[in-house]
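Report on the following structure.
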Amino acid sequence: MRTPVIAGNWKLYKSAHETTQFLNELAPLVKETRRAEIVVCPPFVALPAAIAAARGSAIEVGAQDVFWLKEGAYTGEVSAPMLLAIGCQWVIIGHSERRQYFGETEETVFKKTTAALESGLKPIVCVGEKLEEREAGQTGAVLESQFNGGLAGLSPEQFARVSIAYEPVWAIGTGRTATPEMAVEAHAFLRAKIRARFGAEIADASRILYGGSVKPDNAAALLAQDEIDGALVGGASLDAKSFAAIVNA
Ligand code: 13P
């Protein structure tokens with residue numbers, strides 16, 4: 001059985017102080033949870049506060065991006081060993097907002113994922129189609145090219161430590177979530193690609209999370225699907241009570 005992952009992507013929200021307050025509120029609300037791994041991903045500068053406040057709880061901490069080299073003359077970047085050194089365990093890679101606004105490509109996703117794995121960070125690699133791509137019947141082709149470019153070049157041992165997040169771009173921040181059927185179809189498509197490239201054992205063990213307007217009131221229906229191994233939550237992860245409700249779903 002795959003242990004679900006419920007991860008909160010805070011995007012550009014919450015100071016270090018607000019992060020401490022959030023975790024102090026969240027920790028008791030998810031204390032009894034044994035069936036899911038819980039991850040919060042604050043902005044870089046709030047990571048130390050999150051790691052300190054999460055200590056002693058089951059909550060783990062992730063970054064929202066990482067650079068692919070360890071060090072060098074790369075103004076503004078943060079490396080995987082630097083994240084690991086402060087106690088960060090996870091990293092989101094290739095989020096659609098990074099693809100849209102910051103020039104993320106399949107090639108950079110692949111380099112960042114490789115770097116994260118080499119350092120021992122657990123990557124959550126995001127894929128997903130835009131609205132016009134879905135309407136043009138291109139969802140499968142988009143997912144396939146994101147998988148081929150960003151992930152297929154990993155070794156099986158590397159890929160076994162990757163989680164994928166399927167995030168249809170049209171569902172992010174819009175309140176328009178994919179139906180469980182739509183998510184299952186995309187997850188099954190991705191799992192078939194994983195099986196073809198990495199074999200049945202790895203495909204069966206791979207965690208594919210759904211992201212895009214996951215809220216306390218739709219989380220249970222999504223997470224009840226065998227194909228859906230967790231959630232990557234944006235807006236609803238900013239409130240401890242609503243994030244805890246999703247974890248406990
Ligand atoms: P929302 O949950 O706000 O739609 O954001 C989803 C997302 O982008 C998570 O990475």
Side-chain angles (χ1 to χ4, degrees), residues 4-14 18-19 22 26 36-44 46-47 50 59-66 83 88-102 104 108-109 112-113 116 121-131 133-134 139 142-143 146 150-151 162-180 182-183 186-187 190 207-223 225 228-249:
V5 181
I6 308 295
N9 173 12
W10 290 2
K11 311 191 180 185
L12 189 50
Y13 293 100
K14 291 196 194 292
E18 290 164 336
T19 296
F22 175 97
L26 178 67
E37 292 178 33
I38 308 163
V39 185
V40 296
C41 303
F44 281 127
L47 287 170
I59 302 163
E60 299 187 346
V61 176
Q64 298 173 18
D65 187 27
V66 63
L83 292 171
C88 182
Q89 294 178 267
W90 296 77
V91 61
I92 299 168
I93 295 173
H95 191 278
S96 63
E97 287 149 16
R98 296 217 60 85
R99 296 176 190 257
Q100 182 178 354
Y101 304 122
F102 303 103
E104 195 84 78
T108 61
V109 168
K112 289 177 176 187
T113 305
L121 288 174
K122 295 180 268 192
I124 299 174
V125 178
C126 303
V127 298
E129 81 288 358
K130 301 192 189 88
L131 183 59
E133 293 166 336
R134 173 162 283 267
T139 299
V142 169
L143 296 179
Q146 290 173 339
L151 292 167
V162 171
S163 301
I164 295 180
Y166 168 61
E167 298 208 312
V169 178
W170 48 270
I172 295 177
T174 59
R176 197 182 150 195
T177 181
T179 62
M182 287 159 103
H187 287 217
L190 286 164
R207 295 187 289 196
I208 306 178
L209 322 188
Y210 169 78
S213 296
V214 176
K215 310 284 175 203
D217 61 2
N218 61 25
L222 288 159
L223 294 167
Q225 310 298 320
I228 302 181
D229 307 310
L232 184 55
V233 186
S237 74
L238 293 170
D239 176 79
K241 286 188 195 70
S242 81
F243 188 59
I246 295 169
V247 169
N248 292 320

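Both ligands and their constituent atoms are indexed starting at 1 by order of listing. Just so we're clear, the structure is a prediction, and the values are computed from it rather than from any experiment.
Among all non-hydrogen protein atoms, the one lying nearest atom 2 (O) of ligand 1 is Gly234 N, 2.9 Å. Distance from atom 9 (C) of ligand 1 to its nearest protein heavy atom, with residue and atom name: Glu167 OE2, 2.9 Å.
A donor-acceptor pair is defined here as one N or O able to donate and one able to accept, closer than 3.5 Å; such a pair exists between the side chain of Ser242 and the backbone of Ala236. Looking only at distances, no side-chain donor or acceptor of Asn9 sits under 3.5 Å from a matching main-chain atom of Gly234. The closest donor-acceptor contact from the side chain of Gln64 to the backbone of Cys41 lies under 3.5 Å. Checking side-chain atoms of Asn218 against main-chain N and O of Ser213 turns up a donor-acceptor pair under 3.5 Å. Under a 3.5 Å cut-off, the side chain of Thr174 and the backbone N or O of Trp170 do form a donor-acceptor pair.
Comparing heavy-atom distances from atom 1 (P) of ligand 1 across Ala7, Cys126, Gly235 singles out Gly235 as nearest.
Under a 4.0 angstrom heavy-atom cut-off, Gly211 registers as lying outside contact with ligand 1. Assignment of Ala236 to the shell around ligand 1 is not supported, since no heavy atom sits closer than 4.0 Å. For Lys11, the heavy-atom gap to ligand 1 drops under 4.0 angstrom.
Applying the side-chain contact (heavy atoms from CB on, under 4.5 Å) test between Phe22 and each of Val40, Asp239, Leu238 identifies Val40 as the sole match.
For ligand 1, the atoms sitting less than 4.0 Å from at least one non-hydrogen atom of Ser213 are 1 (P), 2 (O), 4 (O), numbered in the order shown with element in parentheses. Atoms of ligand 1 lying under 4.0 Å from at least one heavy atom of Ala171, given by number and element, are 4 (O). Counting atoms of ligand 1 from 1 in the listed order, those under 4.0 Å from a heavy atom of Gly212 are 4 (O), 6 (C). Ligand 1 places these atoms under 4.0 Å from at least one heavy atom of Leu232: 9 (C), 10 (O). Close approach of ligand 1 to His95 is summarised as follows: ligand atoms under 4.0 Å from at least one heavy atom of the residue are 7 (C), 8 (O), 9 (C), 10 (O).
With rounding to the nearest 0.5 angstrom, the CG atom of Asn248 is 11.5 Å from the CG atom of Leu223.
Checked against a 3.5 angstrom limit, the closest N/O atoms of Glu97 and ligand 1 fall outside it. Ligand 1 has no nitrogen or oxygen under 3.5 angstrom from a nitrogen or oxygen of Ile172.
In this structure, Val109 and Gln146 have side chains that are not in contact, with every pair of non-hydrogen atoms separated by 4.5 Å or more.
When only modelled atom types and interatomic distance are considered, Gln100 and Ser96 share no side-chain donor-acceptor pair under 3.5 Å.
By the criterion of a heavy-atom distance under 4.0 Å, the side chain of Asn9, and not its backbone, is placed next to ligand 1.
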